[in-house]
Student: 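This is the structure, below, for whatever I ask next.
In the text below, chain A, chain B and the rest are named by the order of the sequence lines, each starting its count at 1. Side chains are part of it too, since the values below use all heavy atoms of this structure and drop only hydrogens, waters and symmetry mates.
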Amino acid sequence: MDAKEIIARRVALELNEGDIVNLGIGLPTMVPRFLPPDIHITLQSENGFLGMAPLEGEPLPGIVNAGGTPCGIQIGAAFFDSAMSFALIRGGHIDVTVLGGLQVDEAGNLANWMVPGKMVPGMGGAMDLVSGAKKVIVAMEHCTKDGEARLLRLCNLPLTARSRVSKVITELAVFKVSAAGFVLLETVSGVSIEMIRERTEAGFAISDDIKPMPLYS
Amino acid sequence: MDAKEIIARRVALELNEGDIVNLGIGLPTMVPRFLPPDIHITLQSENGFLGMAPLEGEPLPGIVNAGGTPCGIQIGAAFFDSAMSFALIRGGHIDVTVLGGLQVDEAGNLANWMVPGKMVPGMGGAMDLVSGAKKVIVAMEHCTKDGEARLLRLCNLPLTARSRVSKVITELAVFKVSAAGFVLLETVSGVSIEMIRERTEAGFAISDDIKPMPLYS
Amino acid sequence: MKKIVEWAEIGPMFSDGVSIMFGGFMGVGTPLGIVSALIESKVRNLTLIGNDTAAPTTGIGPLIDSGQASKVIVSHIGTNPVTGKKMIAGELDVELVPQGTLIERIRAGGSGLGGFLTPTGVGTVAEEGKQKLTVQGREYLLEIPLRADVAIIKAKKADTAGNLVYERAARNFNPVIALAADLVIAEVDEIVDVGEIDPDHVMTPGALIDKIVVRMGG
Amino acid sequence: MKKIVEWAEIGPMFSDGVSIMFGGFMGVGTPLGIVSALIESKVRNLTLIGNDTAAPTTGIGPLIDSGQASKVIVSHIGTNPVTGKKMIAGELDVELVPQGTLIERIRAGGSGLGGFLTPTGVGTVAEEGKQKLTVQGREYLLEIPLRADVAIIKAKKADTAGNLVYERAARNFNPVIALAADLVIAEVDEIVDVGEIDPDHVMTPGALIDKIVVRMGG
């Protein structure tokens, strides 16, 4: 099981029956396939609907995800315009958003939309999602490809939003973000707290109730 | 022909083919029946539709005007919610609004929603309509029942909106409101300028092009 | 979560002192069964937020008449003499808000906006106590968001997932208040199976609706 | 006013330097025939306002590729490398706006609002140059309205009065930009007689639509 799948499987356990969920591009889109069978969620898509589903059969006119790629819809889906879509997003009507991250810091700040001089794709709907969703889960690999920490004291990349991250889930550990900073809740089997400290620039508390990361399979 | 009908007939001549029009309660609702046959307008109703028409036959579910009274709809009507209704009203998508008035003054201020201590019905949509319509026509009798002037130097009743009135049409005369104040454009046959001065507290200029009030019949 | 409920469950959803947004223009689009349930429940000290107070026996009017409301936030009260009488007697606090500002304040409350700038009311009594800002050379009032504890909605049809369809001018405030309350209850003429409403025709997504009750004698 | 026009009439509706709002998400809901007509018309120095710049050969992309745009106001450009290249080369001014803020700025421009307060972007580069206000204890950015000279819309169906119906997620920005431009042109798959669209299913009222053109090869 690669890092991405470990993360996606663990994120799936964060979702509750009936949740309205918006998934960012990349890793987060893997989450639904790991949902427990008794958990049914409704996916919101920024371009204007509730009830996104995987494509089954031929693409149908206008049924595309926010990336313009054909997708399916659940029975009971509803379409609307972009103003309504972001009324839902900013207005607290999305229970959970799962987003990739470049950096998260102790204040719950997230940077995930821009690397100055390298990648300036635009923030799309990410700033609104992070500002508005009830719960913001960042799903990212613990370190960069070059081994640099992503859980930092203070983000040094341009922020997506301030103080909005609820949880960070990596292939090594699960943290919540409290008013006092990161709290380590779970570690993956075989990973020591020391190892996590080495790979984490940010300080973190250790939950009294620390557990092994459950991996549903 | 009573004063109200004189006013309604003259207002009808202000409307152009294709105009989107919102009519206030009372006298303004008489206007459509005096439209020239080649002029087709679309009536907007605050409660959320375009294409209001007189009731023909039995009332139909949900087809009511802003007062809750059954009405009809034109072919090609469209319904929407109140937020959209006032996006249209405030956003300059209504070509003309025709409203009754209590007082209008030289600055184009209108008072038509409240008489302190006597009548506090609430402004409803009037403040939005007067703020947002492209052209605001006040259709009112020239004086109160007690003979007091309604075209004033300065309104003394609480205002509906500041500096938004384009034209005032009474049973005696038609005025436009310019940056410099009222300009008398038309008088009804048999009414002298002196008589209008007697019944008008506001000062007014006289158009170089003053005409008799045409009455379509 | 079970969305479809019985009438007996409606009354207990309300308690003294709650704020309630209601749909309807002069009663058209107001959930009359829920209004009746509120009267039977005898909850008091309600704040009612909607377009108007209709007439004493129509729309939200009976809740004014019964004395259960201590405050209304509406755009007009002229059609219900009881509202005016109770206001003058000091029994009812009446906040009058221009109609377009009222619906936009509700939309802001439901959309996560901190407020908006409107030209409506500038230079009138509606500007009292409000901040004025000049943007691009024009003066505006800063209006702040409005939310409620409960929204009571009237729709023509719901599917079992709570997707709603309104009929003609009975739509009015309903889709907007569905965004702006902690608990959203819809009274509908009929409930159809999920999937029976074309996803393009849904006017309020089921995700916004917490409870559905079918109109009595429907 | 004759609303239904021929393709030959479309090009001459635009002139150098105009601002154009366009519907569409990655090209889905963008009026591709009007984009082609703009390319043929060779108008230059355009400001394009919409969700994204799609890809070089899809949606609004060809107008970036052709060098006819001097400015874009969008929420992302990452899917179109040409946009990035022209930006870096100094040939294209790119204003990035959070998606929810962008659509709300357009709605404000079309609704007569002077602006709105949003939490989106507080504490980020998006707050540069903007006024911050605190309402009810929370900090917000004041965002100002956005309008354009022309809006170009893609709908599934129009009636002869201009009432529009969109299909599925192709709705997106289209109903909102219809409010916010001086000239509104809709490209549609088909035109039906007035009266054929149920008044409850109209998504953009015909009163907002100035010109209608039927998709080629439709």
Student: Please round to the nearest 0.5 Å and tell me the distance separating atom OG1 of D:Thr204 and atom CZ of B:Phe80.
Tutor: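 Here the rounded value is 11.0 Å.
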
Student: Under 3.5 Å, side chain of D:His201 to main-chain N/O of B:Ala78, donor-acceptor pair present?
Tutor: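 Answer holds: no.
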
Student: Provide the closest heavy-atom pair for B:Met84 versus D:Pro205 in the form atom of the first, atom of the second, distance.
Tutor: CE-CD, 3.7 Å

Student: Contact part of B:Ile89 toward chain D, heavy-atom cut-off under 4.5 Å: side chain, backbone, both or neither?
Tutor: neither

Student: Among D:Ala108, D:Ala161, D:Pro175, D:Gly112, which has the most heavy-atom pairs under 4.5 Å with chain B?
Tutor: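 Result: the option with the highest number of such pairs is D:Gly112.
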
Student: With heavy-atom distances below 4.5 Å as the criterion, would you say the side chains of D:Pro199 and B:Phe49 are in contact?
Tutor: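 Heavy-atom side-chain distance check fails, nothing below 4.5 Å.
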
Student: Could you check whether any side-chain N or O of D:Asp159 sits under 3.5 Å from a backbone N or O of B:Gly76, counting only pairs where one atom can act as donor and the other as acceptor?
Tutor: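 Such a contact is absent between D:Asp159 side chain and B:Gly76 backbone.
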
Student: With side chains defined as the heavy atoms from C-beta onward, is the minimum distance between B:Leu50 and D:Val202 less than 4.5 Å?
Tutor: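 Not touching, per the 4.5 Å side-chain cut-off.
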
Student: Please check if the number of heavy atoms outside B:Asp38 that lie under 6.0 Å from its CG is greater than 12.
Tutor: yes

Student: State, to 0.1 Å, how close B:Arg90 and D:Ser111 come at their nearest heavy-atom pair, and which atoms those are.
Tutor: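 The pair with the smallest heavy-atom distance is NE-O, 2.9 Å.
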
Student: Can you tell me if B:Ile25 has over 12 outside heavy atoms packed within less than 6.0 Å of its CD1?
Tutor: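 No.
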
Student: Please flag which part of D:Ile197 lies under 4.5 Å from any non-hydrogen atom of chain B: side chain, backbone, both or neither.
Tutor: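 When you check distances to chain B, no heavy atom of D:Ile197 falls under 4.5 Å.
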
Student: Surrounding NZ of B:Lys4 (heavy atoms of other residues, nucleotides or ligands, distance under 6.0 Å), is the total greater than 12?
Tutor: no

Student: More than 12 non-hydrogen atoms from neighbouring residues, nucleotides or ligands closer than 6.0 Å to NZ on B:Lys135, yes or no?
Tutor: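 More than 12 within 6.0 Å, yes.
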
Student: If you count heavy atoms of other groups shown closer than 6.0 angstrom to CD of D:Gln136, is the number above 12?
Tutor: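 Atom CD in D:Gln136 is packed in, count exceeds 12.
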
Student: So does D:Ala207 get a backbone contact from the side chain of B:His93, meaning a donor-acceptor N/O pair under 3.5 Å?
Tutor: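 Answer holds: no.
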
Student: Please report the interatomic distance CZ(B:Phe86) to CG(D:Leu113), rounded to the nearest 0.5 Å.
Tutor: 12.5 Å

Student: Can you name the closest pair of heavy atoms from B:Ile75 and D:Val194 and give their distance?
Tutor: CD1-O, 3.6 Å

Student: When only pairs under 4.5 Å are counted, which of D:Gly110, D:Ala180, D:Gly206 shares the most heavy-atom pairs with chain B?
Tutor: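 So the answer, after comparing D:Gly110, D:Ala180, D:Gly206, is D:Gly110.
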
